[in-house]
Each structure stands twice: as C-alpha cells, then as structure tokens.
Visitor: 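Quick one: structure below, then a few questions.
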Number of protein chains: 2
Amino acid sequence: MPDGAEGPGAVTLHDVAREAGVSVATASRALNGSARNVRTENASRVRAAAAKLNYRPHLSAQAIARGQTRTAALVVGDVADPYFSAIAAGVTEAAEAAGLIVTMAVAGRSPERELEIIRTLRGQRPRLIAVAGSRIDGAATRAALSGELEAYRSAGGRVVMISQRDLPFDTVTIDNAGGAYQLARALAAAGYRRFALFRAPATVRTSRDRCAGFLAGLRELGLAVEDRFVVETEFTRAGGYEAARRLAERGLDGLEVVFAVTDVMAIGAMSAFRDAGLVPGRDIGVAGFDDIDSAVDVTPALTTVAVPLREVGLTAMRVALSDDPGPVSVQTSTTVLLRESTPVRSRTR
Amino acid sequence: MPDGAEGPGAVTLHDVAREAGVSVATASRALNGSARNVRTENASRVRAAAAKLNYRPHLSAQAIARGQTRTAALVVGDVADPYFSAIAAGVTEAAEAAGLIVTMAVAGRSPERELEIIRTLRGQRPRLIAVAGSRIDGAATRAALSGELEAYRSAGGRVVMISQRDLPFDTVTIDNAGGAYQLARALAAAGYRRFALFRAPATVRTSRDRCAGFLAGLRELGLAVEDRFVVETEFTRAGGYEAARRLAERGLDGLEVVFAVTDVMAIGAMSAFRDAGLVPGRDIGVAGFDDIDSAVDVTPALTTVAVPLREVGLTAMRVALSDDPGPVSVQTSTTVLLRESTPVRSRTR
DNA sequence: TTGAAAGCGCTACCAA
DNA sequence: TTGGTAGCGCTTTCAA
C-alpha cells in the first residue's frame, strides 16, 4: 500500500485471485482471456470475487502486456465548433462500436500545438490517430508533423487525415472544390451575377479549395468576383461578422450575394448585415458551406453546401480500421442546398 | 521484433539507451526524470539519440511504473450537442493546461451506456472522471453508477459531476432553478401572462429544476401555467419542433409565450411555429435556456438564460484538480437575456 | 485445467 | 553521476 494517504489504491488481479483462491494466471484467463480453459466453477468464483471487490483491469497494464491498446486518438481544431464536433460525433460513434476508447485533443488551429499534441498522443500507442484540422500550407511544422506521423505508422499505427489530402496518409476528404463549384452554378442559375467572397488566408487549404471551386464555377459561365469584393478574414463567426460589417459600411455598390467559405462565417455575416440595416435574403444574398445544424434555424435559412460531417467521421474510422495497407483516399460528396438566404432573383434586363 | 508483419514496432527506451551508449536508467533520467543528476554530455547524447530514433515514451508503461496516469476522463451525453461540446471545450482546455490527456466518451443519454462507459474508463485509471450528463431520477443504474464512482474515488480518483447534484461527489451545478425563476419574472415584467412549458420527462433533473424554478417565479406573482400548455417532449430540437407543431395545430388559444427548457428545443419550436404560419416574437413569444451560440443567430434572436458552459467545464476541472478533499459543490450562476423573441407586450387592459 | 514465471516498457531504489 | 535490478499490473508461454 504505497500511497496510504491517497486511499487504498485500486484492486488488482492479485487481490481477485487471492479472494477466489486461484492463481493470477487463472484469474486472468477467467476474466479477460479465453475462458474456455478454465473450470466452470473456478471461473465463476473468479467472477464473483471480481464483482465483490469491484475490480476493473488496469488498461495500461493490459496494454503493456498485450503489446497494444484499445484506444483511438482524435485531434480536432476546436470541439465547440459544430464542424468539428459533428466529425467528433461520428468518430466516437464508430470507435465505441469497435470497442475503442477515444482520446481527444484540441489543437486550437495552431500547427505547433497540433504537432505537440500528436507527439504526446503517439505516446499513448493508440490503434489509430485521426487528424481533423485545417492543414495550413507552408507551415514550418509540416515536415515535423509528417515525420511524427510517419514514425507512428511505421511502428504499426494507422493514420487518417480528415479533410486534408496533402500528406501521404489515409485520407477522407470533403469535395470542397466540387461543392463550391456547384454552388456557384446554382447561384448563377438563380440569377445572381455580382458576388463577394469571404475567405480565410490562402494558406488554409479548405478555404482555398472552396474559393477555387467557386471561382472555377463562375469562370465557366463567364462570371468573376471583383477584387474589392474578395475579403480575407478569420475562419470564425467574428471573422464573417467583421467582413460583412466592413462591406456594409463601404456600401454594397451593386453586390448581390456573399459566399462565405463556412456557415459559421456566413451566419456572422448575416448578423452584421442585419445590424447594418440590411435584410439578408432580400437586400443581400448569403451563402455558406458545411450545413451545420443551425443553418436551417437562422432566418432566412442559409443556402449552403451540405457536408456529411458525422459520416466523414464514421468513414475515417472505417478506413483506419480496415486492413487495406496503401494510403486510401475517400472523397465524400457534397450537396448544394438553396434556401431562403438566396432567393431566385428576377432580373429585369 | 515480435510482430514482423505489423512493422518494426515502436522505439523503446532500450533502443535509445543503446544508441546513446548509456544504461536505460540514465536514459530514463535524462528524458523523463530529474535531468539534474545526469552529466550534461550524457544527457545531450540521450536526447540526440531519442530525436534520431524519434522516440516517444510509452505512456502506459510510464503509468504502470509510476503508479499514475496523466489522463482525465470526460463523459458527455452527446458531443454534437452545443451544450455538451461547450462544456467539453472548457474541460479540455483546463486539462491541457494541466498537462493531462483527455479521453472522452459519449453516453448518448442512456444511463446504461453511461454506467458501462464509466466502468471502462475506470480501467484507464484516470486522474479524474468528469461526468456531464442529465441525471435521470429513478434510473435502475443509479446505485451501480454511484458504486462504480465510489470505488474509483476510494482508490484515489477524483470524481466531478457536472450539473447533477444528487450523487455524493464534487459537483459543479448550474443554477437551473434560479435562472428559470428569474426568467419567469422577467417575462412577467415584459407583460406576458399566458405561458406554455415544453419540458422533458420529469425524471430528467435539469428539466425538472428549470420547470420548478419557472413555476415558482410565476407563482410568486400569482401566475401559473395551465395544464394543457405543459407539453412533455424529447430533450432535442425535434422534440421542441413536435411540441410546437402540436400546439399550433390545436390552436394557440390565447397563449402568449412558450418556455422551452433548452435553447435547442426552443429553436425547434420556433421553426415549427414558422412552418405553421406563426411569426415567433410577434404571434408567439419563445424563450429557451442555455444561450448556445446559435441563440443570437436565429431570428428573432432567442430570449434565454445564459449558462457559462465553457466556464462550467473549466470549473469542474479546477475542482477536480484541487486538493480539497470533501465533496465540494460549486454553483455557477446564470443570466437572463431578453431578446427579440419575447418583445415587451403592451397590454391594453 | 492449472500455476510458476518470464516478460511488456518504464521508473526508482540501491550500490557502486 | 551511473548501472543493475526489482517492481508496476497484466498476459502468456511452458510445465506440471
């Protein structure tokens, strides 16, 4: 009893074995091994003893002895963000179905923090590491990150990147460019001609892909976004708010619709427009991307590109738990949802 | 190399020690122990070897050897729910600040699942277990849950319950009754007299406390809620939607405002009212509880009772990591926020 | 079917 | 300051 002050310490297999009057080996077999080779009577004695003492096997000890854990590690940018929490929901659901415990870490959108987290997580020897975060191009940490994950994989671990295809690991991507492309066409078909683009710094892949897809869609139709209507801002609600505020302040000047690269930003933008006396959906169209839960609850309901976030999480786990060795890449498709925030424009011309 | 097919296996301290030409003891000291007692030259050799081999200490092995882990366990009802994800954000933030890894499990609002999860989690030997979920009264699992947690605590673990005070452990509660009480008074002061109540089954503590507080607030003013306006429904957006739909179908019949016990339900209700051709805030007032992010983004903005969710998470961790032995109970206060969904009623009478 | 004992990767004590 | 070594709680041979 090393830590008397801290309480009696947890019950060990030894205690159970003694209580049941068998050896630890037998107790181990009865509880967590192939119970087949244990006499029924002994097996039930052991189980009774375990129940009586409220025994739980020490997972770390099992991990050491067995040489593997039953843990899945998940890295997200921010749990409180519905984008990530929906993915996390999918991941945890699949993990629990597979009998794995999830350890989750929050990188807070910082590549340095992400790297540090993965270093630590690797020490857990999880069965897999799923990384959901915006890959930042040109981050100084990229090589280190890749090396860390590579070392983990070569030691037998599985890596799955969610929504970031530029690292040589299993990947579940979202068709960001394709979805934005379709959105551009849909908005054009609804009569919109003068667009603004709210985006994150170009180093954020997700943002860049969505922008590129959107612009490609417009270009095919002979349309474009004027430079002064391209606003670079933060990847948050506040960023969207701020961008819209600036725009409204300056005057819309013929602008018809804003595409913000995430719903969260779009919702911030709607709020700013309203605060500036503009009615979203009437005075200015607004579209987002992701189809987070609240997209249907804002008024007017937000036009967006639906991403099956929970399913992305499920898929990531399926990929990571499969036997397929080579870097697999799964692309989940997206769906344009036109809602009241971008009503059909009847142009008179 | 036991598992040749699976890869070379992870680098161990032995490998590092050999590479550096020192004993494992020295390597251990240089890397994870008090580096003071290691000759500078050796220390840097070891660090160099560790870096070269991309070594990460096996956390499970450390846990076994040291007799304790650096893990915090968190149980939530549903990660994708903003209520829980905000709490989770607070918990993870505090955990990471304390150098703890978070393992998170989702109970899916089922007491049985919650119990099973806690059993498993206990095997992790985390430093603490934080349980954020709606306590269900009369659940058959209550005693088992309590026993499980008690066993964990008596073995030196810390338990903190979030928003549920009926178990004998450290607790961080939300002033559900008080907040609802204040809300009732505020609505009455704004001129409302005829109320509806959307609540979860009475066995859900949070729901019950909020209802009780609300009714107490009304009662003090000589007001009440008619039985036919008390709707029991699910604790979700769909539940709120359904309740409002039924109400609208039947006819409001003088009803002035609905208090739904969570924002998520209130937002569902707003949506149903709108679908029934009623304008929330004009034809019918709506109020919720929690002040989730989207409460300000719906239109009209939702009147609610703000709960400092992230802070609840932070506080829970602070309590659990403190030395204070006795069951501590911290109550976080709430704030009524009157918004456009319940405009002041000018009664002409 | 059982128990003794050798590890698993690491820490920490004890001697040197 | 160092290395040898005895554990930590568990699994899994290997003999009996």
Side-chain angles (χ1 to χ4, degrees), chain A residues 1-3 6 8-46 49-50 53 55-70 122-126 155-156, chain B residues 1-3 6 8-46 49-50 53-71 122-126 155-156:
Chain A
M1 221 170 291
D3 50 351
E6 278 288 306
V11 175
T12 75
L13 192 57
H14 266 91
D15 302 329
V16 174
R18 190 178 339 109
E19 175 79 23
V22 299
S23 72
V24 276
T26 301
S28 171
R29 286 186 277 251
L31 256 22
N32 317 305
S34 42
R36 305 211 176 287
N37 317 324
V38 177
R39 205 171 10 141
T40 332
E41 192 201 313
N42 274 343
S44 48
R45 284 162 83 97
V46 170
L53 300 178
Y55 166 77
R56 301 292 157 218
H58 193 308
L59 264 24
S60 287
Q62 287 189 324
I64 287 294
R66 298 213 249 244
Q68 59 166 321
T69 62
R70 295 205 58 82
R122 197 144 83 73
Q124 288 247 49
R125 303 290 187 272
Chain B
M1 222 170 291
D3 49 352
E6 278 286 306
V11 175
T12 75
L13 192 57
H14 266 91
D15 303 328
V16 174
R18 192 181 334 111
E19 175 79 22
V22 298
S23 72
V24 275
T26 301
S28 172
R29 285 187 280 250
L31 257 21
N32 316 307
S34 42
R36 305 214 176 286
N37 318 323
V38 177
R39 209 174 4 143
T40 332
E41 193 200 313
N42 274 345
S44 48
R45 284 162 84 97
V46 171
L53 301 177
N54 214 337
Y55 166 78
R56 301 291 158 218
H58 194 308
L59 264 26
S60 287
Q62 288 189 324
I64 287 295
R66 297 213 248 246
Q68 57 166 322
T69 63
R70 295 205 58 84
T71 307
R122 197 143 84 73
Q124 289 247 48
R125 303 292 188 270

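These figures come from a predicted structure and were not determined experimentally. We name chains A, B, ... by the order of the sequence lines, and we start the count at 1 in each one.
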Visitor: Between B/Leu59 (CG) and C/dC10 (P), how many Å, whole number?
Guide: 10 Å

Visitor: Any side-chain N or O of A/Asn32 under 4.0 Å from OP1/OP2 of D/dT11?
Guide: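 Indeed, a polar side-chain atom of A/Asn32 lies that close.
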
Visitor: Here's a test for you: under side chain to side chain contact (heavy atoms under 4.5 Å, CB included), which of A/Val11, A/Val16, A/Thr12 qualifies with A/His14?
Guide: A/Thr12

Visitor: Mind calculating the distance between NE2 (B/His14) and P (D/dG4) to the nearest angstrom?
Guide: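 My rounded result for the distance is 10 Å.
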
Visitor: Give the rounded distance in Å between these two atoms: CZ of A/Arg66 and P of D/dT12.
Guide: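 Whole-Å distance recorded here is 6 Å.
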
Visitor: In whole angstroms, how far is the C1' atom of C/dG9 from the CG atom of B/Leu13?
Guide: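 Computing the B/Leu13:CG to C/dG9:C1' distance gives 8 Å.
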
Visitor: Would you say a side-chain N or O of B/Asn37 is under 4.0 Å from OP1 or OP2 of D/dT2?
Guide: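 Checking D/dT2 against B/Asn37, no side-chain N or O comes under 4.0 Å of OP1 or OP2.
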
Visitor: Which residue lies toward the 5' end of DNA chain D, B/Ser23 or B/Ala61, if each is placed at its nearest nucleotide?
Guide: B/Ser23

Visitor: Can a donor-acceptor pair under 3.5 Å be found between the side-chain atoms of A/Arg29 and the base atoms of C/dG3?
Guide: yes

Visitor: Both B/Arg39 and A/Val24 contact DNA chain D. Which one's nearest nucleotide lies toward the 5' end?
Guide: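 Looking at DNA chain D, the more 5' nearest nucleotide goes with B/Arg39.
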
Visitor: What is the separation between atom CG on A/Leu53 and atom P on D/dG9, rounded to the nearest whole Å?
Guide: 15 Å

Visitor: Between CD1 of B/Ile64 and CD of A/Gln62, what distance do you get to the nearest 0.5 Å?
Guide: 9.5 Å

Visitor: I need the CZ-P distance between A/Arg70 and D/dT11, as an integer number of Å.
Guide: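 It is 13 Å, rounded to the nearest whole Å.
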
Visitor: Mind checking if A/Thr12 touches a base, just sugar-phosphate, or nothing, with heavy atoms under 4.0 Å?
Guide: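 Sugar-phosphate: the residue A/Thr12, judged by heavy atoms under 4.0 Å, touches backbone atoms but no base.
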
Visitor: Does A/Arg125 get its side chain close enough to the base of C/dG9, under 3.5 Å, for a donor-acceptor pair?
Guide: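 Between C/dG9 and A/Arg125, which were checked side chain against base, a qualifying N/O pair under 3.5 Å is absent.
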
Visitor: Look up atom OG in B/Ser60 and atom CD in A/Gln68, then write down how far apart they are to the nearest 0.5 Å.
Guide: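 Spacing of OG (B/Ser60) from CD (A/Gln68) equals 11.5 Å.
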
Visitor: Rounded to whole angstroms, how far apart are CZ on A/Arg45 and P on C/dT1?
Guide: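 Roughly 17 Å, once rounded to whole Å.
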
Visitor: Within this structure, what is the CD-to-P distance between A/Gln62 and D/dT11, rounded to whole angstrom?
Guide: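 Rounded to the whole Å, the gap is 4 Å.
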
Visitor: Would you say B/Ser28 reaches C/dT11's phosphate, i.e. side-chain N/O to OP1/OP2 under 4.0 Å?
Guide: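 Yes, such a contact exists.
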
Visitor: Okay, side chain of B/Ser44, backbone of B/Thr40: is any donor-acceptor separation there less than 3.5 Å?
Guide: yes

Visitor: Closest to the A/Ile64 side chain: C/dC8, D/dC10, C/dA12?
Guide: C/dC8

Visitor: Side-chain N or O of A/Thr26 versus OP1/OP2 of C/dT2: is the shortest distance under 4.0 Å?
Guide: no

Visitor: Start with the C-alpha distance between A/Leu59 and A/Thr69, add both sets of side-chain angles, then the distance that settles side-chain contact (heavy atoms from CB on, under 4.5 Å), and finish with yes or no.
Guide: CA-CA 8 Å; A/Leu59 264 24; A/Thr69 62; over 6 Å; no

